[in-house]
A.B. asks: 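Have a look at the structure that comes next, please.
By convention in this document, chain letters (A, B, ...) are assigned in the order of the sequence lines, proteins followed by strands, and residues within each chain are numbered from 1.
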Amino acid sequence: MNTTSTHFVSSRRFEIYEPLNQIGSMWEESFKNNGGMYTPSSIIIPTNEKPESLSEDTSHGTEGTPHKFDQEASTSRHPDKIQRRLAQNREAARKSRLRKKAYVQQLETSRLKLIHLEQELDRARQQGFYVGNRVDTNALGFSDNMSSGIIAFEMEYGHWVEEQNRQISELRTVLYGQVSDMDLGLLVDNAMKHYFQLFRMKAAAAKIDVFYIMSGMWKTPAERFFMWMGGGFRPSELLKVLLPHFDPLTDQQLLDVCNLKQSCQQAEDALSKGMEKLQHTLADSVAAGKLGEGSYIPQMTSAMERLEALVSFVNQMYRILTTRQAARGLLALGEYFQRLRALSSSWATRKREPT
Amino acid sequence: MDKVMRMSTEKGVVIFTKSSCCLCYAVQILFRDLRVQPTIHEIDNDPDVREIEKALIRLGCANAVPAVFVSGKLVGSTNEVMSLHLSGSLVPLIKPYQSFPN
């Protein structure tokens, strides 16, 4: 018997360990053949069935049986056994590759989720340490039932807020400095375009998941509390917030603003009642098990889209005010929402008194 | 369509609605708030409902209802009515049909 190492005590173990050296070379063969995949089925305490690549000097794990010549004989007499062994190897290798592929795909998905999380945190830092409101509700912030369109919307919204914060800072700096009405007008224009961009984003997302938009899931909790019909704010309420910033107003302007406030209130009232009716009808049809009949869900979507008419109040204000007043108004509006978001954050992280 | 022409040129504020339409309801609430009594034509149960819908769409109301006519002229659907109101232009249109507050 060949001795490859001296620290094996029993001859029996000899028989087992020696073949392992051959198995080592078998590994190499296997790697060469299968592209480096581990094939555990080939690393077994040797039995009668062995690939031809083994040297003939092998001894076998079963003691006392002279397999050497048997093996040679077996090889030539049972080529199908070898073929079967090879096929098993290939199969095992293939399964291994598939497992590896699945694992890599899982890694990729997790990586994307991680990137989104980091972006969310970045956005949160901008807003004053508020950690995204969806992170604590789900393990990774997403569940499988969030469509990719909604995920895309949330990411876009994050960017929108960043840009919004930037514009607010710019407005603030500019208003306290010396700036021509024309330059200010440009800033105001951009701010308005920015708002309209958000409306478009929301309208598109509403088509994907109207309930998501109507319940304001992407907003901070404080914003959601004040939210009206998925639109973000009650224009008439907002007018109250903004009014002090428009001073001084001419008499005509004051009259126009009052009229606008009243029209807003009436329009809001009508739309709210319409929405209530829709909720009732929808609830009724759910109760009756007739969901989807009629066109209630599309109606909700249209109702939401119609809110753009109301939110075009921002446009109306623009018409009434001078550029400078509009700039101040937009700044006040932006800061109002910043404060709401900060309120959400500080409220959520407040030190709780021991009770 | 004749029917639509006839009904829309009735005096005052005329609104085509459907009983299931919540935006129609919203528009009606608005006019009520403005102290106007519009003439409501609920077209669900009209035998010519499809024809009427098509006619209203052709006139420019994407969802057919609500369709608002004032003094025989088409004002539009929810969007148009709300926008007009916000810009202050709706009240002058309906002034002749407003009832006095009690």
Side-chain angles (χ1 to χ4, degrees), chain A residues 199 203 214 229 231 235-236 239 252-253 255-285 290 293-320, chain B residues 13 15-38 40 42-45 49-50 53 56-57 60-68 70 75-95 97-99 101:
Chain A
F199 302 153
M214 293 299 291
M229 286 181 80
S236 56
L239 264 174
Q252 181 59 46
Q253 281 180 325
L255 186 63
D256 286 339
V257 168
C258 284
N259 286 337
L260 179 61
K261 187 148 78 96
Q262 194 186 32
S263 327
C264 274
Q265 267 168 336
Q266 287 163 333
E268 286 161 26
D269 212 37
L271 281 174
S272 294
K273 294 215 170 74
M275 184 53 72
E276 268 174 41
K277 178 167 191 282
L278 182 58
Q279 279 176 336
H280 286 314
T281 341
L282 199 51
D284 282 348
S285 60
K290 288 190 298 171
E293 191 182 304
S295 51
Y296 300 130
I297 305 262
Q299 272 198 48
M300 277 188 79
T301 321
S302 339
M304 225 245 94
E305 287 172 4
R306 294 301 168 268
L307 287 176
E308 288 173 30
L310 209 48
V311 184
S312 72
F313 113 100
V314 186
N315 224 359
Q316 304 299 335
M317 288 303 300
Y318 194 17
R319 221 172 32 87
I320 297 172
Chain B
V13 177
I15 314 182
F16 290 89
T17 67
K18 276 201 202 148
S19 57
S20 59
C21 170
C22 71
L23 287 176
C24 300
Y25 183 65
V27 163
Q28 287 176 63
I29 299 280
L30 180 64
F31 280 109
R32 195 184 64 190
D33 272 354
L34 297 176
R35 294 177 281 114
V36 169
Q37 294 263 51
I40 310 287
E42 223 174 58
I43 64 175
D44 316 38
N45 299 318
V49 54
R50 294 276 161 259
E53 270 179 346
L56 290 175
I57 294 175
C61 297
N63 296 317
V65 291
V68 177
V70 176
V75 165
S77 193
T78 330
N79 249 349
E80 290 76 28
V81 169
M82 294 290 173
S83 301
L84 271 179
H85 187 47
L86 286 180
S87 68
S89 315
L90 184 64
V91 169
L93 274 183
I94 59 171
K95 220 171 175 78
Y97 311 111
Q98 274 180 313
S99 37

A.B. asks: Is the count of non-hydrogen atoms from other residues, nucleotides or ligands lying under 6.0 Å from B:Q37 atom CD greater than 12?
C.D. replies: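 It does not: B:Q37 CD has 12 such atoms or fewer within range.
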A.B. asks: When rounded to the nearest 0.5 angstrom, what is the spacing between CG in B:L84 and OG in A:S263?
C.D. replies: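 One gets 11.0 Å once the value is rounded to the nearest 0.5 Å.
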A.B. asks: Any idea which heavy atoms bring A:K277 and B:Y25 closest together, and the distance?
C.D. replies: CD-CG, 3.4 Å
A.B. asks: Do other residues, nucleotides or ligands put more than 12 heavy atoms under 6.0 Å from B:R35 CZ?
C.D. replies: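 Enclosed.
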A.B. asks: List for me each residue that meets side-chain hydrogen bond (donor to acceptor under 3.5 Å, both in side chains) alongside B:D33, sequence neighbours excluded, and say none if there are none.
C.D. replies: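 Checked B:D33 against side-chain hydrogen bond (donor to acceptor under 3.5 Å, both in side chains); zero matches.
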A.B. asks: With a 4.5 angstrom heavy-atom cut-off, could you sort out which part of B:L34 is near chain A: side chain, backbone, both or neither?
C.D. replies: side chain
A.B. asks: How close do A:A270 and B:I29 get, counting heavy atoms only, and between which atoms?
C.D. replies: CA-CG2, 3.9 Å
A.B. asks: If every non-hydrogen atom of B:A26 is compared with every non-hydrogen atom of A:G274, which pair is closest and at what distance?
C.D. replies: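 It is CB-CA, 4.1 Å.
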A.B. asks: Just one of B:H85, B:M82, B:R32 clears the side-chain contact (heavy atoms from CB on, under 4.5 Å) bar with A:Q266, so which one?
C.D. replies: B:H85
A.B. asks: Could you grab the distance from atom CG of A:N259 to atom OG of B:S87, nearest 0.5 Å is fine?
C.D. replies: 11.5 Å
